[in-house]
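Note that the structure is predicted; figures quoted are calculated from it, not measured. Labels below follow one simple rule: chain letters A, B, ... track the order of the sequence lines, proteins then strands, and each chain is numbered from 1.
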Amino acid sequence: MSPRGRFLLATLCGLVLAGLVHIAVVLAIPTFSEADALSRARTGASLDHAMRVHTLATGSEPAPAEAWLPIPDPAVAVGICAYDLNEGPLRVSARTGPLMLSLAVHGRRGAFYAVTDQAAVRGGLDLVVLTRAQYDEVLANEDENEVSRDVRIVAPEREGYVVVRVIAGLPSQRAGANEAVQAVSCTVDTEEEETKPGG
Amino acid sequence: MSQADAAAPGSFPARARGGLLRQVVGGVVRRASDVSLVIYALALGGGLGLASADYATRGGYPFGGVAVGAWTAWPRTGSVGSDPYARAVNARRGEVPLAVGEGMLLTAAEDNTGRALDATCSYTVSGRTPPARAWTLTIAGRGARDPGRPLLREGFTSTEVLREADGRFVVAINPEVQPGNWLPMPRPTGPVRLALRLYDTPVAASAGSIERAALPAITRLGCRT
């Protein structure tokens, strides 16, 4: 092969390789990113309440620097709960108030469930995120005479996060929106049946 | 490639100014060993691949938007069906996108006639929005905010905007104070973007069928020279 042909062949191989590297890098970014919402939610895992991600500025108090959303909505308070279903099912409890509230459950591949406060039963919204095995277990242990108000969602992956958004339509409602985000509890649902004598 | 062509054996003697470069490149190509060609191919592949991946996932979403008039709707950036580029962009920016059942984001970087939104111009955003329980209209410039500039207002919500008797609204985006719904320019110069977020809206599931008239029109009034 002539030197020129060899050079062209090398260039062609390089371009094909560039395409492969491009695809591989784009697909790998969500897995290796340390700046994504899931990684940040996990590092800042607060105990039983939603971690504030975007707290609204109220009156003289400016929005705190913890906000890492790139272009946040200045009228919406955002909180995040990271979950790991290996520890058990996640229970998200929200009390509905005068402000519009929405919950979205995100996995690694995107949000697979979202619900707003319009689905609340008697002012409460109880969301249980579980795996298929945990769901079957809950169904098997369930007392048929007891009515459950839980909304049960089977998660496709074991790790993810729940996003709480509360919209403050007026600046005077911003403090209330911040509190409403903080009031959402995210707890690991433990097996009560096992502790009961005789199950 | 043209350099390699021209630098084929027999291109001596050098004629023009480019001749020297061609000679050098040609000499390198002719003397290149297999090892150096492999290294060249690997470097080209790695460098181009990384650079193009970085370019495609930097800033906004490269594709997946639905253009409706001046606005672009992003219905699927947060759902399970989002494309790998949108996922990569979200991961790099730490963005928490709106899910389909939660709401939808629309952005605009141009006015109704296709001219880029500029901070030295004044605009009106008028009309109505698709059905939603709540919406917010916000304005932002590119990059970090100027800390020395007082932040008067970044946007309007559906609750606080002043409306006409028929439910339509007119938001005046202007560097100078205006009566009515005045939205100040976030910065003195440079490009700006508008974001319309619809919360709890049925149109997120069918973004392709939004009509142009269902979204507020962005009209340029004039520019400061």
### Task
Tell me, out of B:Ala195, B:Ala56, B:Ser158, B:Pro84, who's got the most heavy-atom pairs with chain A below 4.5 Å.
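Most heavy-atom pairs within the cutoff with chain A belong to B:Pro84.
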### Query
Which one of B:Leu37, B:Leu50, B:Leu48 has the most heavy-atom pairs closer than 4.5 Å to chain A?
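So the answer, after comparing B:Leu37, B:Leu50, B:Leu48, is B:Leu37.
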Interchain contact, [X] with chain A, by part (heavy-atom threshold 4.5 Å):
| X | value |
| --- | --- |
| B:Ser52 | both |
| B:Leu98 | both |
| B:Thr107 | neither |
| B:Ala43 | neither |

### Query
Under 3.5 Å, is there a donor-acceptor pair between the side chain of A:Thr116 and the main chain of B:Asp200?
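Such a contact is absent between A:Thr116 side chain and B:Asp200 backbone.
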I'd like to know which of [options] tops the heavy-atom pair count under 4.5 Å against chain B.
| options | value |
| --- | --- |
| A:Gly19, A:Gly107, A:Ala18, A:Ala104 | A:Ala18 |
| A:Gly14, A:Ser102, A:Gly110, A:Ala28 | A:Gly14 |
| A:Leu20, A:Leu27, A:Val76 | A:Val76 |

Going by heavy atoms in the side chains, are [X] and [Y] under 4.5 Å from each other?
| X | Y | result |
| --- | --- | --- |
| A:Leu17 | B:Leu42 | yes |
| A:Arg6 | B:Asp34 | yes |
| A:Gln173 | B:Thr157 | no |

Locate the shortest heavy-atom distance separating [X] from [Y]; write the atom from each residue and the value.
| X | Y | value |
| --- | --- | --- |
| A:His106 | B:Pro97 | CE1-O, 3.5 Å |
| A:Ala114 | B:Glu102 | CB-N, 4.0 Å |
| B:Thr138 | A:Pro74 | CG2-CD, 3.3 Å |
| B:Ala41 | A:Ala10 | CB-O, 3.4 Å |
| B:Ala53 | A:Val25 | CB-CG1, 3.6 Å |
| A:Asp73 | B:Arg197 | OD2-CD, 3.1 Å |

#### Entry: Over 12 non-hydrogen atoms of neighbours within 6.0 angstrom of CZ in A:Arg108
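Atom CZ in A:Arg108 is packed in, count exceeds 12.
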#### Entry: Approximate separation, where rounding is to 0.5 Å, of A:Ser33 OG and B:Arg93 CZ
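A:Ser33 atom OG to B:Arg93 atom CZ measures 12.5 Å (nearest 0.5 Å).
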### Summary
Between the CD1 atom in A:Ile29 and the CG atom in B:Asp54, the distance rounded to the nearest 0.5 Å is 7.5 Å
Contact class of [X] relative to chain B, heavy atoms under 4.5 angstrom:
| X | value |
| --- | --- |
| A:Ile167 | side chain |
| A:Ala24 | neither |
| A:Leu170 | both |
| A:Gln118 | both |
| A:Tyr161 | side chain |
| A:Val16 | neither |

### Message
Can you classify the ring geometry of B:Tyr40 versus A:Phe7 as parallel (below 30°), tilted (30 to 60°) or perpendicular (above 60°)?
### Response
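Rings of B:Tyr40 and A:Phe7: parallel, as their planes differ by under 30°.
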